[in-house]
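Per chain, numbering begins at 1; letters A, B, ... match sequence-line order. Just so it is clear, the model here is predicted, and its values are computed rather than measured.
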Amino acid sequence: AQSVTQPDIHITVSEGASLELRCNYSYGATPYLFWYVQSPGQGLQLLLKYFSGDTLVQGIKGFEAEFKRSQSSFNLRKPSVHWSDAAEYFCAVANYGQNFVFGPGTRLSVLP
Amino acid sequence: NAGVTQTPKFQVLKTGQSMTLQCAQDMNHEYMSWYRQDPGMGLRLIHYSVGAGITDQGEVPNGYNVSRSTTEDFPLRLLSAAPSQTSVYFCASSSSGLVEKLFFGSGTQLSVL
């Protein structure tokens, strides 16, 4: 069965600092991987996705993620965090049938 | 562009009451799904549909019913609400075929007393 773990429940960074959110997955084949962001009281918005090809993918809002098959990881990064990035971030894996499995989420707080 | 519309945004029920959460999308998406979000557990799939007349169970289907009579609408029914169903519910849709991104509604916050 597919599963997704996000080891960090809550991360606090200072504005302008770099950010890395960790995601590990368990899946038998090459997964489809996603990062979503959820602002308070809102639905989820897609940041980026990986299907195949280049293992470093670029997303919206200056985010990027790197797929590492050997580590079963898909970590999200941003070189310089803005206060508006404070939100909850979800990593997800999906199979061809489009049913997603989401991780528990990482809440990001940004200090001024 | 409306996208995915969920109603109501908030609902309080008493144990044993029934209700229907509405979900509608205007993007002609074949795939629609319902998730519940609970603290520390991410989103869990309740039911999904790959087209009108076709539904199937997800990870946590017990206590919920769905139907898909049209492409646009995918209501979620709670037949006899229980406190364990207190959660935030999200409807999502996407185009069929290869895995595509999900478009999410803004959610329904449900409390069962």
Side-chain angles (χ1 to χ4, degrees), chain A residues 1-10 21-27 29-53 57 59-60 63 65 67 74 87-107, chain B residues 2-10 21 23-25 27 29-51 54-61 66 74 87-109:
Chain A
Q2 303 166 70
S3 66
V4 177
T5 57
Q6 293 178 247
D8 304 304
I9 296 173
H10 183 206
L21 302 182
R22 296 182 290 166
C23 172
N24 293 96
Y25 66 90
S26 172
Y27 187 63
T30 298
Y32 299 103
L33 294 161
F34 304 78
W35 274 100
Y36 281 84
V37 60
Q38 183 182 32
S39 298
Q42 301 297 315
L44 278 69
Q45 180 186 19
L46 180 69
L47 282 177
L48 48 79
K49 60 187 177 184
Y50 171 78
F51 287 177
S52 64
V57 294
I60 62 172
F63 285 92
F67 170 59
F74 189 56
E88 189 146 20
Y89 292 80
F90 293 92
C91 182
V93 63
N95 59 21
Y96 192 84
Q98 297 180 275
N99 290 333
F100 286 65
V101 175
F102 286 84
T106 296
R107 184 161 62 92
Chain B
V4 179
T5 303
Q6 286 183 239
T7 55
K9 292 190 180 299
F10 302 94
L21 307 184
C23 176
Q25 52 90 11
M27 298 171 282
H29 284 166
E30 295 88 352
Y31 178 87
M32 296 186 74
S33 54
W34 277 101
Y35 289 84
R36 60 177 289 173
Q37 183 180 24
D38 302 291
M41 303 187 74
L43 281 76
R44 293 180 292 169
L45 182 65
I46 304 172
H47 285 285
Y48 66 97
S49 169
V50 298
I54 305 170
T55 64
D56 206 345
Q57 297 180 351
E59 179 185 357
V60 288
V66 292
F74 191 47
S87 187
V88 181
Y89 292 85
F90 288 98
C91 179
S93 72
S94 71
S95 56
S96 66
L98 290 177
V99 175
E100 289 292 340
K101 72 173 185 176
L102 290 177
F103 290 82
F104 282 85
S106 58
T108 296
Q109 187 169 332

Task: Toward chain B, the part of A:L46 with a non-hydrogen atom under 4.5 Å - done: side chain
Task: ring pair (Phe, Tyr, Trp, His ring centres under 6.0 Å) against B:F90, all qualifying residues, sequence neighbours excluded - done: none
TODO: Examine A:F102 together with B:Y35 and report whether their ring centres are nearer than 6.0 Å.
DONE: yes
TODO: Can you tell which part of B:L45 gets under 4.5 Å to a heavy atom of chain A, answering side chain, backbone, both or neither?
DONE: side chain
Task: Contact origin within B:Q37 toward chain A - heavy atom pairs under 4.5 Å - done: side chain
Open item on the list: I want to check something: taking the side chain as every heavy atom from C-beta on, are B:L102 and A:F34 in contact at a cut-off of under 4.5 Å?
Closed with: no
TODO: Go through the structure and list residues passing side-chain contact (heavy atoms from CB on, under 4.5 Å) with A:Q42, not counting sequence neighbours.
DONE: A:S39
Task: Closest-packed option against chain B by number of heavy-atom pairs under 4.5 Å, given A:G43, A:P104, A:G103, A:C91 - done: A:P104
Task: Residue part contacting chain B, namely of A:Q6, when any heavy atom lies under 4.5 Å - done: neither
